[in-house]
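Protein chains get the first letters and strands the later ones, always in sequence-line order, with residue 1 at the start of each.
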Number of protein chains: 2
Amino acid sequence: MTTPPGLRERKKQATREALREAALRLAVERGPDQVRVEDIAEAAGVSPRTYNNYFASREQAIVSAVTADREARIAAAVTARPAGVRLTDAVTQAVVEQYTNTGEREQQALLLITTRTALRDAFLDTTADIEPPLTAVIAERLGDTGAQTARVLAASVAAAVRIALEGWLRAAGNAEAAEGFGAGGLVVPSGSLPDQLRAAMAPLAPAFDAAERSTQP
Amino acid sequence: MTTPPGLRERKKQATREALREAALRLAVERGPDQVRVEDIAEAAGVSPRTYNNYFASREQAIVSAVTADREARIAAAVTARPAGVRLTDAVTQAVVEQYTNTGEREQQALLLITTRTALRDAFLDTTADIEPPLTAVIAERLGDTGAQTARVLAASVAAAVRIALEGWLRAAGNAEAAEGFGAGGLVVPSGSLPDQLRAAMAPLAPAFDAAERSTQP
DNA sequence: ACGTAAACTTGCGTGTACGCATTTTTCCTG
DNA sequence: CAGGAAAAATGCGTACACGCAAGTTTACGT
């Protein structure tokens, strides 16, 4: 199915990885605001023009060092679940798993991201990337008649994940708001990231169940 | 509740409207690619710097001439439905209504938008704008305990609308694909805009019903 | 009515985004 | 193993995005 990637593709990925690496390292070293595209390009050994062939903005390179190939991993995690589990659970578990199994280095980068609005926005934008692969795996479970449904559900998941991350970033950003109110805690979860993700996914469960039911009566 | 808007606010809206108008007119006159921000600003009687205080990109001004205050109209249309109807139906009807009740001028602008990828993207991006007002009206119907659910549902609606518009734009863009296949029509609706919107909203109905049910047993 | 604070506009400077044309590298086929 | 096609990198030029520091207008309290 997949021919071993040629030198062309490997070099491309190497360049992308070098840009990621350079962007994150420089951002950590001197602070996110003291890094220009020109610096990143130079550190990665390419021209600034080439940088923009890989990343559309300065922030994307930094953020992509954290997100890497999260989309593919989420899709793989969904298909890895046994066929018996509810689709809703499979997707939720896969999302939680891939957003929390984070390494040392990624944790540090996340902390950096929370400090700048532009970086937070770029990070939140990456949630949209999970939509295409999710659409594919959901469509596979729903059969060909549910293609449109799969697209809508995948997009809804991406939206739910974004909302969860927003809430989590907000809580992480200003930790003083945690004690601001007294008993309003019922409204907003504001808990850990896995909790936020599960809470955001929950409202979509009935839609998943209905879609799954309509294919296997 | 609302104090009559002062001179300040009225002038602001006038400037915004002038920029919209100028952007659309110039785009129609000379073609979308032959219009620079400087031209739009000049035609509207402001500096280019001021233009960017209102619109973040060149395309936004053109697109906003079509979308205007669609977000507010959709939210109002939802609350205008009698309290008896299902929330899902209220939202769907409101969305369909506001995206199809289009005037002469807007129709022409839409045609223009379909001709350029950058404009189509900017147009699709505007679907995200309906999310905050939709969140508010849905939250009102669900009560205070469903705040998070309201956010997820509103975001899902925005995503569904975006998918519907993508499908419609694709169909409108290359009309030759309509006869490309024979009986594959079961998979992709590819019909009129109202049909696309209703089809995209349908998978979310169970989620809306469940949310509504959990508040009024 | 006046003065002050807040909001808006503007000019300027820097950094980024991207189209186009050219050069370099990789790939494939005879 | 050539040699040409395809893809990528690069240089260059232009236009856009935006922070900052004025200057200008509106709003509001005394």
Side-chain angles (χ1 to χ4, degrees), chain A residues 2-24 26-27 30-64 115-123 125, chain B residues 2-24 26-27 30-64 115-122 125-126:
Chain A
T2 57
T3 61
L7 180 61
R8 205 191 201 87
E9 190 62 22
R10 274 183 286 136
K11 264 204 164 179
K12 209 162 102 173
Q13 291 309 319
T15 299
R16 172 171 256 107
E17 185 59 31
L19 286 171
R20 272 202 257 263
E21 165 89 20
L24 179 55
L26 291 177
R30 10 174 143 161
D33 299 332
Q34 307 307 318
V35 183
R36 291 170 307 168
V37 166
E38 187 181 341
D39 304 328
I40 302 174
E42 187 187 14
V46 298
S47 76
R49 183 63 183 85
T50 295
Y51 173 92
N52 277 324
N53 290 339
Y54 284 87
F55 298 102
S57 78
R58 185 170 62 90
E59 288 78 18
Q60 277 189 17
I62 299 176
V63 165
S64 87
T115 64
R116 296 291 187 286
T117 305
L119 287 175
R120 282 202 305 252
D121 291 346
F123 177 61
D125 283 345
Chain B
T2 57
T3 62
L7 214 203
R8 205 188 201 89
E9 191 61 23
R10 275 182 286 135
K11 266 201 166 181
K12 210 161 101 172
Q13 291 309 320
T15 299
R16 173 170 256 107
E17 185 59 31
L19 285 171
R20 272 202 257 263
E21 165 87 22
L24 178 56
L26 290 177
R30 11 174 142 161
D33 300 332
Q34 307 306 318
V35 183
R36 290 170 308 169
V37 166
E38 188 182 339
D39 303 330
I40 301 174
E42 187 188 14
V46 298
S47 77
R49 182 64 183 85
T50 296
Y51 172 91
N52 277 323
N53 290 339
Y54 284 89
F55 298 101
S57 76
R58 186 171 62 90
E59 289 79 17
Q60 277 189 17
I62 299 176
V63 165
S64 88
T115 64
R116 296 290 187 286
T117 305
L119 288 176
R120 282 201 305 251
D121 291 347
D125 284 345
T126 62

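- Comparing D:dA17, C:dT10, D:dC16 against the side chain of B:R36 picks out D:dC16 as the nearest.
- Atom P of nucleotide D:dA8 and atom CG of A:L19 are separated by 15 Å, given to the nearest angstrom.
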Could you run down the sub-3.5 Å N/O contacts of the protein with nucleotides 24-28 of chain D?
unit_1: D:dT26; atom_1: OP1; unit_2: B:K11; atom_2: NZ; d: 3.0
unit_1: D:dT26; atom_1: O3'; unit_2: B:R8; atom_2: N; d: 3.3
unit_1: D:dT26; atom_1: O2; unit_2: B:R8; atom_2: NH1; d: 3.1
unit_1: D:dA27; atom_1: OP1; unit_2: B:L7; atom_2: N; d: 2.7
unit_1: D:dA27; atom_1: OP1; unit_2: B:R8; atom_2: N; d: 2.7

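- Phosphate proximity of D:dA17 to B:N52: present, with a side-chain N or O under 4.0 Å from OP1 or OP2.
- B:Q60 has its CD atom 14 Å from the P atom of D:dC16, to the nearest Å.
- No side-chain heavy atom of B:R10 sits under 4.5 Å from any side-chain heavy atom of B:Q13.
- One finds the CG atom of B:D125 at 13.0 Å from the CZ atom of B:R120 (value rounded to the nearest 0.5 Å).
- Among the atoms of the strands shown, only primed sugar atoms or phosphate atoms (P, OP1, OP2) are found under 4.0 Å from some heavy atom of A:Y54.
- Nucleotide C:dG15 holds its P atom 14 Å from the CD atom of A:E59, rounded to whole Å.
- Protein atom CD of A:Q34 is 13 Å distant from nucleotide atom C1' of C:dG15, rounded to whole Å.
- Note: CG (A:L26) to P (C:dG15) measures 15 Å, nearest angstrom.
- Across the protein-nucleic acid pair, B:R16 atom CZ and C:dC8 atom C1' stand 13 Å apart, rounded to whole Å.
- In this structure, the side chain of A:T15 engages the main chain of A:K11 through a donor-acceptor pair within 3.5 Å.
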Anything under 3.5 Å between a donor and an acceptor, one on a side chain of residues 31-40 of chain A, the other on a protein residue two or more places apart or in another chain? List them.
unit_1: A:D33; atom_1: OD1; unit_2: A:R116; atom_2: NE; d: 3.3
unit_1: A:D33; atom_1: OD2; unit_2: A:R116; atom_2: NE; d: 2.9
unit_1: A:D33; atom_1: OD2; unit_2: A:R116; atom_2: NH2; d: 3.3
unit_1: A:R36; atom_1: NH2; unit_2: A:D39; atom_2: OD1; d: 3.3
unit_1: A:D39; atom_1: OD2; unit_2: A:R30; atom_2: NH1; d: 3.3
unit_1: A:D39; atom_1: OD2; unit_2: A:R36; atom_2: N; d: 3.0

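- Closest heavy-atom contact between A:R20 and A:F55: CG-CZ, 4.3 Å.
- The separation between B:I40 atom CD1 and D:dA17 atom P is 10 Å, rounded to whole Å.
- The side chain of A:T50 lies closest to D:dA9 when the candidates are D:dA9, C:dT16, C:dG11.
- Side-chain proximity of B:N53 to the nucleotides C:dT9, C:dC18, C:dC8 is greatest for C:dT9.
- For B:R49 and C:dG13, a side-chain-to-base donor-acceptor distance below 3.5 Å is absent, hydrogens and geometry of angles not being considered.
- Of all non-hydrogen atoms in A:A23 and A:A61, the two that sit nearest each other are CB-CB, 3.7 Å.
- For B:Y54, the ring-ring contact (aromatic ring centres under 6.0 Å, His included) test picks out no residue, with sequence neighbours left out.
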